[in-house]
Amino acid sequence: MTAEYVLTLSCPDRPGVVAAVSGLLARHGCNITESQQFGDPVSERFFMRVQFTAATAADVLRGDFAALAPDFGMELQLFDRAVLPRVLVLVSKFDHCLNDLLYRVRSKSLGIEIVAVASNHPDLRPLTQSHGIDYHHLPVTPATKERQEQEILTLVDHYRADLVVLARYMQVLSADLCGKLSGRVINIHHSFLPSFKGSRPYHQAHARGVKLIGATAHYVTADLDEGPIIEQEVARVNHTHSPEDLVAIGRDLECQALARAVKWHADHRILLDGHKTVIFPR
């Protein structure tokens, strides 16, 4: 039986990497359907994503690639495209990003399975449960933050979540939680980072007379809103737009940028290059 796989890798940039990978795949009778690569002249690292079909079992392929990796100093992963990433969504009271993700999952355009939603407020339980998805209310105060974050980790383990998405979750994750979920948490931020931090960002933007507003999707790190950027979306505005107009436009931008980032992550199109990302869009 033929399966479809994605191989992603990074290693020091040197001749022979593509030949070694394609040669191994050829020996297994694999058919490459998509291949993208990039050599970063600054970091001197090579990045590659290969999509292919094969009759060979995933464990056999992983074993052969594991044997090849030391020759090139490769960091690599092999994914079966039939297995959808399992996602835990964290949200507070704003529902636009969650609603958009739920719709895209229902329309099968996102390539993920939302296994549960957790929130520090009870407000979005009806929306979540209308899609047949478990909802967990995890209230938090400064005194209970450590315990509440342990409950989040328990949910990650219980649902075997591959990815955590902060869909306007209005809590700052601790450095400890960021470390335990490194590379597995995506956040949406309501601006081009790091502009207009804090509350009422669109009102801040309106007061400054901005001409562009935007949203940034990024991986979460212990450095607040400074993780590797995945996607940014913008819209041009002018003096006729009220703060409420900016909020409405901004919410659409947030949904678009977050959905694109989640889809690229789910399709294994993002590789980390230090504090940056290498993205192989379709």
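- Two residues are said to be in side-chain contact when any heavy atoms from C-beta on lie closer than 4.5 Å; Glu113 and Tyr159 fail this criterion.
- With contacts defined as side-chain heavy-atom distances shorter than 4.5 Å, the pair Val156/Val164 qualifies.
- Note: the hydrophobic cluster containing Ile188 does not contain Leu246 (ILVMFWY, side chain heavy atoms under 4.5 Å, direct or indirect links).
- Of the possible polar contacts, one joining the Ser119 side chain to the Val91 backbone as a donor-acceptor pair under 3.5 Å is found.
- Side-chain polar atoms of Arg104 and Ser109 form no donor-acceptor pair below 3.5 angstrom.
- At a threshold of 4.5 Å between non-hydrogen side-chain atoms, the residues Phe72 and Leu9 do not count as touching.
- Using a 4.0 Å cut-off between a side-chain N of Lys or Arg and a carboxylate O of Asp or Glu, Arg147 and Glu151 do not qualify as a salt bridge.
- Linking Ile, Leu, Val, Met, Phe, Trp and Tyr whenever their side-chain heavy atoms come within less than 4.5 Å puts Ile270 and Leu110 in one cluster.
- Between the Glu254 side chain and the Ala215 main chain, no donor and acceptor come within less than 3.5 Å of each other.
- Taking a cutoff of 4.0 Å between a charged side-chain nitrogen and a carboxylate oxygen, Lys263 and Asp267 do not qualify as a salt bridge.
- In this structure, the separation between CG on Leu181 and CG on Leu177 is 5.0 Å, given to the nearest 0.5 Å.
- Counting only heavy atoms from C-beta outward, the side chains of Thr221 and Pro228 approach each other to under 4.5 Å.
- A distance-only check finds no donor-acceptor pair linking the side chain of Thr144 to the backbone of Val140 [under 3.5 Å].
- Here the side chains of Pro85 and His265 are not in contact, with every heavy-atom distance at 4.5 Å or above.
- Atoms OG and CZ, from Ser130 and Arg106 in turn, are 8.0 Å apart once rounded to the nearest 0.5 Å.
- Within a 6.0 Å sphere centred on CD of Glu146, other residues, nucleotides and ligands contribute 12 heavy atoms or fewer.
- Between Asn31 and Phe52, every side-chain heavy-atom pair lies at or beyond the 4.5 Å cut-off.
- Salt bridge status for Lys180 with Glu149: absent, with no side-chain N to carboxylate O gap under 4.0 Å.
- Summarising the geometry of His268 relative to Arg49, their closest heavy-atom pair is O-NE, 3.1 Å, with the distance given to 0.1 Å.
- In plain terms, the two heavy atoms of Leu253 and Gly214 that are nearest each other are CD1-CA, 3.9 Å.
- Using modelled atom types and a 3.5 Å distance limit, the side chains of Asn238 and Thr240 yield a donor-acceptor pair.
- Between the side chain of Arg184 and the backbone N or O of Ala161, at least one donor-acceptor pair lies under 3.5 Å.
- Scanning all heavy atoms of the two residues, the minimum distance from Pro12 to Gly73 falls at CD-O, 3.7 Å.
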Taking it one step at a time, do Asp64 and His28 satisfy side chain to side chain donor-acceptor pair (under 3.5 Å)? CA-CA 10 Å; Asp64 283 1; His28 282 284; 2.6 Å; yes

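- Taking OG1 of Thr216 as the reference point, atom CD1 of Ile230 lies at 10.5 Å (rounded to 0.5 Å).
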Intermediate values then yes/no, side-chain contact (heavy atoms from CB on, under 4.5 Å), Ile186 and Val220: CA-CA 6 Å; Ile186 292 177; Val220 173; over 6 Å; no

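- Taken from OG1 in Thr8 to CD in Gln77, the straight-line distance is 5.0 Å, to the nearest 0.5 Å.
- In this structure, Leu124 is a member of the same hydrophobic cluster as Leu102, with clusters built from ILVMFWY side-chain heavy atoms closer than 4.5 Å.
- Leu68 and Ile32 fall within a single hydrophobic cluster, where Ile, Leu, Val, Met, Phe, Trp and Tyr side chains are chained together by heavy-atom contacts under 4.5 Å.
- The distance from the CZ atom of Phe47 to the CD atom of Glu75 is 9.0 Å, given to the nearest 0.5 Å.
- For His190 and Phe94, the ring centers sit 6.0 Å or farther from each other.
- Taking each heavy atom of Leu88 and Ile152 in turn, the nearest pair found is CD2-O, 4.3 Å.
- Across Tyr5 and Ala58, no two heavy atoms sit closer than the pair OH-N, 3.3 Å.
- In this structure the side chain of Tyr219 never reaches within 4.5 angstrom of the side chain of Asn187, judged on heavy atoms.
- One finds the OH atom of Tyr135 at 6.5 Å from the CZ atom of Arg125 (value rounded to the nearest 0.5 Å).
- Across all their heavy atoms, Val42 and Asp40 have their closest contact at N-OD1, 2.8 Å.
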Quick one, Leu78 with Leu76, criterion side-chain contact (heavy atoms from CB on, under 4.5 Å). Give me CA distance, side-chain angles, the key distance, then yes/no. CA-CA 7 Å; Leu78 182 70; Leu76 56 82; 5.8 Å; no

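- A chain of hydrophobic side-chain contacts below 4.5 Å, direct or via other Ile, Leu, Val, Met, Phe, Trp or Tyr residues, connects Phe38 to Leu271.
- Put simply, the side chain of Gln171 reaches to within 4.5 Å of the side chain of Lys145, judged on heavy atoms.
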Assess whether side-chain contact (heavy atoms from CB on, under 4.5 Å) is satisfied between Val237 and Asp245, documenting all intermediate values. CA-CA 9 Å; Val237 296; Asp245 292 332; over 6 Å; no

Determine, stepwise, if the pair Asp162 / Val87 fulfils side-chain contact (heavy atoms from CB on, under 4.5 Å). CA-CA 6 Å; Asp162 304 297; Val87 175; over 6 Å; no

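- Under the 3.5 Å distance criterion, the side-chain polar atoms of Ser92 are matched with a main-chain donor or acceptor of Met170.
- Proximity of a side-chain donor or acceptor of Arg260 to a complementary backbone N or O of Glu231 within less than 3.5 Å is not detected.
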Donor-acceptor pairs under 3.5 angstrom involving side-chain atoms of residues 272-282: please list them, not counting sequence neighbours.
residue	atom	partner	partner atom	Å
Asp273	OD1	Ser43	OG	3.2
Thr277	OG1	Ile229	O	2.7

